Amino acid sequence: MIQFNETTKTFKLDTKNTTYVIAICDEEQFLGHAYYGAKISDADVAYLLRTEEAPFVPSKNNRDRSSFFDTFPTEYPGNQVGDYRESAIAVRDAKNHEAVQFVYCGHRITDEKPALKGLPATFAPKGEVMTLELDVADPVLGLEATLFYSVFEKEDVITRSITVKNASGETIYLTKIMSLSLDMDQEDYQMLTLHGSWARERQMDFRNIGYGKQSVGSTRGESSHQDHPFVALVSEKATQESGSVYGFHFVYSGNFLAQVEKSQFDSLRVQMGIHPDNFCYQLRPGDSFVAPEVVMTYSANGLGQMSRNLHDLYREHLIRSPYRTKERPVLINNWEATYFNFDTEKLLSIAREAKKAGIEMLVMDDGWFGYRNDDNTSLGDWTVNENKIQGGIKYLVDEVNKIGLKFGIWFEPEMISPDSNLYREHPDWAIAIEGRTACRSRNQYALDLSRREVVDYVYESIANILRSANIEYVKWDMNRQLTDLGSTYLGKENQGELCHRYVLAVYELQERLLAEFPNLLLENCSGGGARFDPGMLYYSPQIWCSDDTDAIERLSIQEGTSLIYPLSTMGAHVSDCPNHTVGRVTPFATRGNVALAGTFGYELDITKIPEEDRAQIPEQIERYHKYNPLVRGGDYYRIASYRENHMYDCYEVVAKDKSEALITFVQVLNRPNYHSRRIHLYGLDPKKQYRIEGEDKLYYGDTLMNAGILIQNMWGDFQSKLIHIIEGGN
Ligand code: DGJ
């Protein structure tokens, strides 16, 4: 619900459990941010702007105008006009000035969610969402903007974005544009971010908020392994299921900044948007810029409720794929099985064995094209290597289909190897700065996707392969980050647009692909999970979570990922042991149980693994089919975290109708002479009776939640257990 009160000049945005209040303030029509948090009844909370306290609003005290701006909780702070905290927007105008300040001009309240041109964004049918469009302007610059706020009532989410338009007669350069700026008082909040690296993505990291600015960000051209476009403010007292948590998540796949600043008056300014480093966008008269969307949610019930709000939002209002609510085929990917060393016969032998075990799709990974036998060559040459794939793609796919499996394929469309025919023909298609030795990474360059002909070449290369055979799945990889930001195509005044244009082109390519192949199952990937972000979810219902497939390492990677993403999106496979990344040996059953929390599949040479492992695959697949509807669509609860207790990990998924739940328990540290562990379940109906599958006894939900159950110590390393709770005596 969104209401405007003419008398108090306040906008009140309500979701089921939260309220957000904006107030128009003073004669100059500044927009102030009055409140965001648990639901309140009064709209008139403009007193929270403290405009009746010294230094007072400019109309009452213009001699201290700067002090006013430096303390005022601003809805969208300008630059160089008295507020010394971080600005949300900055420009360079025709006179080389950088000042901007927006004031309120008008507004609209609608019952729909406008799309963001060229960008992924949440959506909802008309009537299921409300949007406030606040028009603001800087009359000195002739810059106009609209701030968008969409209210997803049921999910307790408000999304924000901004579009700016150069309504002046001269060119303006946009040098910074945050999609979110939110001022609030510091109470007892800590900052939670997701940090990482290759093979250990999205590790939860809490820190105290000190005076000044603290941030995470990426200037790597993608959302990155290293930091994640997410930040939460978490009350020190908050637990999984109680206490205040504000979550902010950026629907974008490129450079980002997520920053919290604590001011001299102990207020906080939270900001999120495209990273201003290396960013400068030319706006000629009449040009507009659309900034990507930020998702905000507030939970008074701890981190768990934040997770569930985001999971529901993404499942219902961000993922578009027809696979969104469908069970994904159980796939086997040949990467860890063969790396580059495979041919048609090897793939068919894997397919035959896979079919016997109940696997449903074979994915051919890197190494099938050009003359690629290692990672040094051929990116950009998207023609099949018939020395390896004897008989060609169509023959291979037909044979795999005859065996009874679907077929999927790997691409890395954005890249070019220096040793490729494409590079020899078009060296200027790589991102590079003339005269400077461009950094190679994995011996490759990134393509200059700001160039139309490059985008078209890339599209046709992929589409031609897909048109040539019955290919039902694509893994879209990206194995290097951007450096040497130069484009021989863009003019000198447009070089600062390269990173954003690159991301827009990736979006355009995936959009085109899905338009031509609407039933394609697309899985995004970037050297593991470096582009696991909400932007990519708009195109692919699943994303490869990490190249680390070790069941124990996966616990914290999947904990950090499931903190903000639905389990249905997490690419997770069972791989061989010793694990290829860490050398650990874990039971095959545990590898299966951990992968069940995600999309589920295999990444091993099924023709070579020990017979006792192979024999477990049919049961694992049966379990996947049995539990996946629950895992995909249910409510996620974190019961215990190995990250915190260093001994065991435990999480639960509860059906929306509370008729069943699945608990996964992984014992990481096995110590002698310990009591059994008590775990408390969550999210059940306290008055319903449940049975633990395999036992006869009935328990009320309140017993399972308050008194809990006991998990006995298990014999051996890295043992695990699935516990299925079913309503009633069935
Ligand atoms: C990185 C991916 O994460 C892997 O799964 C694999 O596809 C390799 N790239 C192939 O080069």
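Read the numbers this way: they start at 1 and go in the same order the structure lists the ligands and their atoms. What you see is a predicted model; the values in this text were computed from it and never measured.
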Can you confirm whether or not the ring centre of H249 sits under 6.0 Å from the ring centre of F230?
yes

Under 4.0 Å from a heavy atom of W410: give me the atoms of ligand 1 that qualify, with their elements.
7 (O), 10 (C), 11 (O)

State whether the number of non-hydrogen atoms from other residues, nucleotides or ligands found under 6.0 Å of N341 atom CG is greater than 12.
no

Counting heavy atoms only, which part of R372 comes closer than 4.0 Å to ligand 1: side chain, backbone, both or neither?
neither

Run the numbers for me: atoms of ligand 1, each under 4.0 Å from some heavy atom of D477, listed by number.
1 (C), 2 (C), 6 (C), 7 (O), 8 (C), 9 (N), 10 (C)

Considering D365, D366, T549, D548 one by one, which has a heavy atom nearer to atom 6 (C) of ligand 1 than any of the others?
D365

If you take the centroid of each ring, where Trp contributes its six-membered ring, are F250 and H228 closer together than 6.0 Å?
no

For atom 4 (C) of ligand 1, grab the closest protein heavy atom and report residue, atom and distance to one decimal in Å.
D547 OD1, 3.4 Å

Are K475 and ligand 1 in contact, using a heavy-atom cut-off of under 4.0 Å?
yes

Distance under 4.0 Å to a non-hydrogen atom of C525: what atoms of ligand 1 satisfy this?
2 (C), 3 (O)

At under 4.0 Å between heavy atoms, which part of N333 makes contact with ligand 1: side chain, backbone, both or neither?
neither

Quick one: does K475's side chain have a donor or acceptor within less than 3.5 Å of a partner on D366's backbone?
no

Do any nitrogen or oxygen atoms of G527 lie less than 3.5 angstrom from nitrogen or oxygen atoms of ligand 1?
no

Establish, for the pair R372 and F340, whether the NZ or CZ atom is under 6.0 angstrom from the six-membered ring centre and no further than 45 degrees off its axis.
no

Measure centre to centre between the rings of Y507 and Y539, then say whether the value is under 6.0 Å.
yes

Does E523 have a non-hydrogen atom less than 4.0 Å from ligand 1?
no

side-chain hydrogen bond (donor to acceptor under 3.5 Å, both in side chains) partner of S546, the single match among R554, H225, E553, E201
E201

